[in-house]
Q: 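Before we start, here is the structure in question, set down as structure tokens.
Here is the naming used below: chain letters follow the sequence lines, and residue numbers restart at 1 for every chain. FYI, side chains are in, hydrogens and waters are out, and symmetry mates aren't considered; it's all heavy atoms of this structure.
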Amino acid sequence: MRVLVGRGSCGEAAGAHALQKLLQQKLLEEGCDIAVETAGCIGACFLEPIISVQDGDAFRDYVRVDNTAVEEIARMLCGKPNKASDYLMNCEDAQLLKKHPRIALRNCGRINPEAIQDYIAAGGYSDFTQKDILAEIKSSGLAGRGGAGFSTWFKWNAVRNSQGANKTVIVNADEGDPGAFMDRAILEGDPHSIIEGMLICAYAVGANEGIIYVRAEYPLAIARLKTAVKQAEEGGYIGKNCLPDFSFYVRIKEGAGAFVCGEETALIASLEGERGMPRLKPPFPAEKGYFGNPSNINNVETFANVPWIMQNGGAAFSAIGTQTSKGSKVFALTGKIKKGGLVEIPMGLTLRECIFDMGGGILGGKRFKAVQLGGPSGGCIPESLLDTVIDYKALSETGAIMGSGGMVVMDETTCMVNMARFFLDFTAKESCGKCTHCRIGTKRMLEILQRITDGGGREGDIEQLEELAACIKDGALCGLGQTAPNPVLTALRYFKDEFISHIRDKKCLAKECRALLTYIIDTEKCTGCTLCAKKCGAGAISGQLKNAHSIDNQKCTKCGVCARVCKFGAVKAE
Amino acid sequence: MSDSIKFFINGQEFFGKQGQTVLQAAAANGIEIPFLCYDARVKPCGACGVCVVESEGSAKLLRACSTPLTEGQKIKTDTPRVQAARNSALALLLSNHTGDCTAPCRNACPAHTDCQGYVGLIANGEYQAAAALIKEKLPFPASIGRICPHPCETECRRKLADAPVNIAALKAFTAQFAAECPPPTKPSTGKRVSVIGGGPAGLTAAYYLRLYGHDVTVYEAMPKMGGMLRYGVPQYRLPKDILDAEIAHIQRTGVQFINNAAVGGSITLQQLRDNSDAVITAIGAWKGMRLNCAGEHLQNVFSGIEFLRDVFAYQKAIKGKRVVVIGGGDTAMDACRTAVRLGAGEVSVVYRRTLAEMPANKIEIQEAIEEGVIFKCLVHPVEMLGDKAVTHIRLQKMELGEPDASGRRAPVPVSGAHEVVEADAVIIMIGQTVDVTGFQDVTLTNKKTIAADQHTFATNLQAVFAVGDATNKGAGIAIEAIGEAARCAQVVDNYLATASLKPLQKEYRVTDTKTAEDFAFIPKQSRITAPITPLKARRNNFKEVNKLLSAAQAQKEAARCLECGCADFFECKLIRYANRYGIAPEKYSGAMQSHGLDVSSPYMYRDMNKCVLCGLCVRICEAMGSGVLGFINRGFDTVVSPELNRPLNKTNCTACGQCADACPTGAIGERVPLKKCVPLHTQATQSVCGGCATGCGVKVHSYGRLHIKNTPLSGGMLCREGRFGFIKQLKQPRVTAPLIRTDNKLIKSTLPQAAKFVLERLNQITNQYGNNAVGVCVSAQNSNQEIAEILKFAKNVWQTQNIFTFDACLNQPAEADFAAPPVVRVRARLNSRGLLDAGVPVYAATHGGIKALLMLGSIPSGAKIPNVEFLTVVDAFITPVAKKADCVLPTAAFYEKAGSFTDINGTVQQSAAPFTPLTAPTLKDILLALSK
């Protein structure tokens, strides 16, 4: 029997560290010699903290664990009477965990990421040298999981065929999309899978150097990666002559947190010590990458799939998924969703299945409005397209993209104009500033969106946004700029009426844009309790005790305090 | 050709080379693809997005600067998609580009005269160049300088600091230095143009069309040319001889003048149309407007226009009489002040608003008041009274009501309030209309003026154009008519060449807005005005009232200019493209970057408000091995800056100025070594850097005698010495005349005298000590041709063995800063290799027994010359050695000589002379004079 405490960033945030200590202490007190080990996240972040008990191949997951639960679990582990089963994950959630095969997340939450033997026991670092790596990767149909979905085999093959010494394998662990945390979970939960993925790639393309470019905002991931690299070196899995006539050295480079460094050429510039700014392609990194040497860059999730493919064969991977998109994909479900966390689903599921079955639907009984895919480069998909299958081609036809796996779910209280503004604000700030269209164009689009949400929308704004968007898509230098208008364009495509009501009627249908709201008091409902008037910081509410109050809209700052404090639902925003 | 690649641009077939980019291959075939961030000296970066092209088979737009050329590639450079991307890039850049392309004064001038340019040239003492610059836009600087109401000064930013620069007076001042000869006309086109009307507009059109090479004839109804300048402006404001001189200048270009020829009189419009390829109508507005009140027919009620046309014909009716002038414009002022000068007993001006609303120039009103003119305001004449001749005027009293269309408060009659004043003569000067007799075929506006297209000046008649007071809105100021005429000349020139009407679009300019706060740091300095003839000396005659500024006053006044216009205007790619592609950035207006100026370096300024972030400065700084500049911040706030945002002089900047050279806009520029930094359209001459024996090629940018800057040849690099080394020389005092040492002082002399002095001593010495007692020292500053001449002179004339130089041909880096490739500065001076190749030995102890030394050119610093009895130095500058000499003879400075120089690698480089020598005698003259 093993005890694992889910200590990914989500578990840590929920207090897992203290619970682990407490459990260990309780077990000691009870005289029970069971080590309480660390694990990553199993994906059900909404149920954190989670303590898993492994019995043979079976796991029992105790969820939303608190101090009392820890005591019960300790008693259970020591064979004493307990109520631990009160905390067991319910059947529905437990079934969801097992519903689809897990490839990238296969070990997350189920092994100790800081113990290489766990990884080995799970089948890691098995011999692959006898296999035709490129053929397996090719037959697997694996595509880059970073967002663009470019064939992994094609890249590897190009690097292998590229003339030049000092080839490099680079892991892009600069996950930066708002609402995306798939890579972080893998790095925290199963770092060896990345190192092994790199090793396989390096062996296939003839590279002796491996670099993991990971953002410094992932301290836990960095710490676990460091441990893993050290253990792999000590175990002889990487390093000098780690394979017959083959050496492979891995190092970690912490990125300073520029979103654009997730773009491969900017990432290489950053690795070289330059300012992280994209470079012109061609030459592609496969030809001339890191310091001019052939380089292969894949993201974390892509590498995590590689050892599984080598162990199970490319055909097993390509058996999952659709005609054009193979394997499974990890998504981070966030936003107004009931079961926020990570899900790994086979390609070909519909968005509806992903959001409503795996994610449990919308929080608080509200209506689904849209789901945002692909972060600042992606777009939002409306309810009418929820039956779109998750497949690179099908998703891009909606105007959104598969992206790296961020799925931000929005309900009826989300203003789509403001959402478009939010994503554009992100790209405008994260633009490296190099090319004209991205630097100034996104700023100009943002200014228009800001004006619209501030109530200053003008006729012609939509056309101007569309024109600017077209110019930016055509004129920007790198992927960041070329895709920056996508959130705005999809919002315009599916929610144009919201833009029009902002511009013409100065109304925000979702009641999110503060400048467009008018607070009024329903005199029928108002009891004259005076609470709103007391709380109003602007002194905008007047009225006598036990008489209906009213709001002076000249003074009102639209902070919404009155609506929040009113116990009778008398204050409404329109 | 195996390395030849066939490709297509817009369907046309071209050949390029393997390894070229699309941009390079297109350029090599003479097809210009615009770009801002490309420079052959550094790696392409693709930032600007201006060079985008479509390539068949590629879904994305490609950046031509970095796309390798491929066989059979089909490039399109002007599809709607390319235009949209390129134009949006330019518009976005312009939407975040602050500054003033050209100064507000220049923008305000209806003729677009380069006010900042000529004011700046005057400040630098370049009067003739200033006059020539004015004449590029306006052929009457002396006349217009005297009479123009100067819209330029109204917009002059100096008014925010204290008072506007006296631009008009500076123009009048510098006009006296205008070249006698007009600029050369272009080769004859054989086209004939008839200009109707010899006023400022007609003569201007005639002048420029003649310069363009057309045969031009001006038909003038009056006995002399000049139009309103002659027949409308009084002599005391514009003396006729001044006008005559400017008209004569126009005539010297070969324009034919025919006087006393009025259309509708001796000639018809149809005749002129039949005889010429184009007709320009510039007939002015010569009919005085009438009051349309009772009694206007009475004797001694005159039209102001007619009065001014023939002043002395009215003397009898005016002298000693009570004269009333009706109107408040400039011409009314001319009329009342003329009446004063004709000896009127009392002159009053009747005006329906108040003095504050009066449209006449304030200074004119003030001078009229000084001269005793009485201003009766808020009255309007309603009736002239008298039997035969006028004796009284009935005036309706007025008050000011609501503002009217002109923005001024409208005069409203005060019901029942009248006044009757005595008047022996009345001059009505309330406006002018056009006399269109003879132009019945021409379409008129509802104002009864000739209807002319605003952009082409075309009338309804084929090949008939119209400009000036006679057109559209009617009478205006002279400079407006001149501006129209000059632009019309361009349209007509193009029409004559292509038979098509190409409208002249208003050029786009980036403009800034400034407030008094922006100029709070400027020390106050009062505006210098020209002296005015005292009241007593001017009241009774027609002598010119305003004098000219003195040269000292003019320079001081010109120095008040705030230099608003961008120093890089003539080289800015951004504004060139903006106008070429008709960019309208207004639709993208939004937040703009705002940065302080960095003027910490003595050589360069940085104004990041103009930066387009092409990154060329960053990349070229890196290529020079300095790496001083880099990008900071992200997104819209990205800016190029030295490390830690330090000023340039607190960095490792070596002042090679490559960044300023590469900058496509005025964001980084050279600090020009002039008293007043004036943006000028410079001339570039290819030359060699005189800084060291590396002998880098340079382009010397000059404007007349002004040495503006040195830049590297296309694709080349220069170090600080190459870029800015010439400034040291500009500051060094020149030898302007032969100098002879008398009483231990160097005294100016003439070449024959100096030669006599030198020859006497040299002969003495050779007689006493033999020929070898004369040493001849040749400097590396001499060209190969000069070295040959000097050697011939030394060997043949003085037959001395002691010929040597102090310039050893050493290849040692001189300064560590520049020792790194791509630019290496060496210790040896430029032509030291030329001396070596010519067999001139370096001075050594073996060169003994020298009693007299002839030094031709300067010696390198640190060299020690032997002690001699008699030292003659031939040099351009007063060097320390020259100061010790017994005789100093002037010669040309480095950039004043053409010739060849041999660089340290033995390559012979030709250098043209960007400047003519300052001094008259050439080296040849001097050597001849020093021959026995």
Q: Mind listing the closest non-hydrogen atom pair of Ile440(A) and Ser95(B) along with its distance?
A: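 So the two residues come closest at CG2-OG, 3.8 Å.
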Q: Among Ala89(B), Ala84(B), Ala85(B), single out the residue with the greatest number of heavy-atom pairs under 4.5 Å to chain A.
A: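 Among Ala89(B), Ala84(B), Ala85(B), the one with the most close pairs to chain A is Ala89(B).
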Q: Determine whether more than 12 heavy atoms belonging to other residues, nucleotides or ligands lie under 6.0 Å from atom NZ of Lys76(B).
A: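 Count not over threshold, so no.
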Q: Under a 4.5 Å heavy-atom cut-off, does chain A meet the side chain of Lys43(B), its backbone, both or neither?
A: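 Looking at Lys43(B), nothing touches chain A.
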Q: May I ask you to test the Arg439(A)-Leu93(B) pair for a side-chain heavy-atom distance under 4.5 Å?
A: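 SC-SC contact between Arg439(A) and Leu93(B) confirmed.
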Q: If you count the non-hydrogen atoms of other residues, nucleotides and ligands that lie under 6.0 Å from NZ in Lys281(A), is the total more than 12?
A: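 Yes.
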Q: Determine, stepwise, if the pair Cys432(A) / Thr638(B) fulfils side chain to side chain contact (heavy atoms under 4.5 Å, CB included).
A: CA-CA 8 Å; Cys432(A) 77; Thr638(B) 310; over 6 Å; no
Q: Just so I understand: if I count every heavy-atom pair under 4.5 Å between each of Thr427(A), Leu280(A), Leu446(A) and chain B, which residue has the most?
A: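 Top count of heavy-atom pairs under 4.5 Å with chain B: Leu280(A).
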Q: Of the backbone (N, CA, C, O) and the side chain (C-beta and beyond), which part of Leu90(B) lies under 4.5 Å from a heavy atom of chain A, both, or neither?
A: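 Neither part.
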Q: Are any non-hydrogen side-chain atoms of Arg634(B) and Ser431(A) less than 4.5 angstrom apart?
A: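 Contact flag for Arg634(B)/Ser431(A) side chains = no.
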Q: Under the side chain to side chain contact (heavy atoms under 4.5 Å, CB included) criterion, do Arg63(B) and Leu477(A) qualify, and how do the steps go?
A: CA-CA 9 Å; Arg63(B) 279 163 158 77; Leu477(A) 184 64; 3.6 Å; yes
Q: Within the side chain of Thr436(A), is there an N or O that forms a donor-acceptor pair under 3.5 Å with the backbone of Cys48(B)?
A: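 Flag set: sc Thr436(A) to bb Cys48(B) pair under 3.5 Å.
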Q: Which atoms of Asn633(B) come close to chain A, meaning under 4.5 Å heavy atom to heavy atom: side chain ones, backbone ones, both, or neither?
A: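 For Asn633(B), backbone heavy atoms alone lie under 4.5 Å from chain A.
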Q: Picking from Gln464(A), Arg444(A), Glu467(A), what satisfies side-chain hydrogen bond (donor to acceptor under 3.5 Å, both in side chains) with Tyr588(B)?
A: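 The option that passes is Glu467(A).
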Q: Please test Val618(B) against Arg275(A) for side chain to side chain contact (heavy atoms under 4.5 Å, CB included), starting from the C-alpha separation and ending with a verdict.
A: CA-CA 12 Å; Val618(B) 175; Arg275(A) 178 183 163 97; over 6 Å; no
Q: With respect to chain A, which residue among Cys45(B), Ser589(B), Cys614(B) yields the maximal number of heavy-atom pairs within a distance under 4.5 Å?
A: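 Maximum pair count with chain A is reached by Cys45(B).
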Q: Taking every heavy-atom pair that is under 4.5 Å apart, which of Val52(B), Asn96(B), Val639(B) has the most such pairs with chain A?
A: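 Sorted descending by pairs with chain A, the first entry is Asn96(B).
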Q: Without swapping roles, check the side chain of Glu447(A) against the backbone of Ala591(B) for a donor-acceptor pair under 3.5 Å.
A: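 At least one qualifying donor-acceptor pair exists.
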Q: Does any heavy atom of chain A fall under 4.5 Å from the side chain of Val612(B), the backbone, both, or neither of them?
A: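 The backbone, not the side chain.
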Q: For the NZ atom of Lys443(A) and the CG atom of Leu92(B), what is their distance to the nearest 0.5 Å?
A: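 Here the rounded value is 13.0 Å.
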Q: Quick check on Phe291(A): does its CZ atom have over 12 non-hydrogen neighbours (other residues, nucleotides or ligands) under 6.0 Å away?
A: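 Atom CZ in Phe291(A) is packed in, count exceeds 12.
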Q: Which of residues 469-476 of chain A get closer than 4.5 angstrom to chain B, counting heavy atoms alone?
A: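 Checking residues 469-476 of chain A against chain B gives Cys471(A), Asp474(A), Gly475(A), Ala476(A).
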Q: To the nearest 0.5 Å, what is the distance between CZ on Phe631(B) and NZ on Lys434(A)?
A: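 The CZ atom of Phe631(B) sits 7.5 Å away from the NZ atom of Lys434(A).
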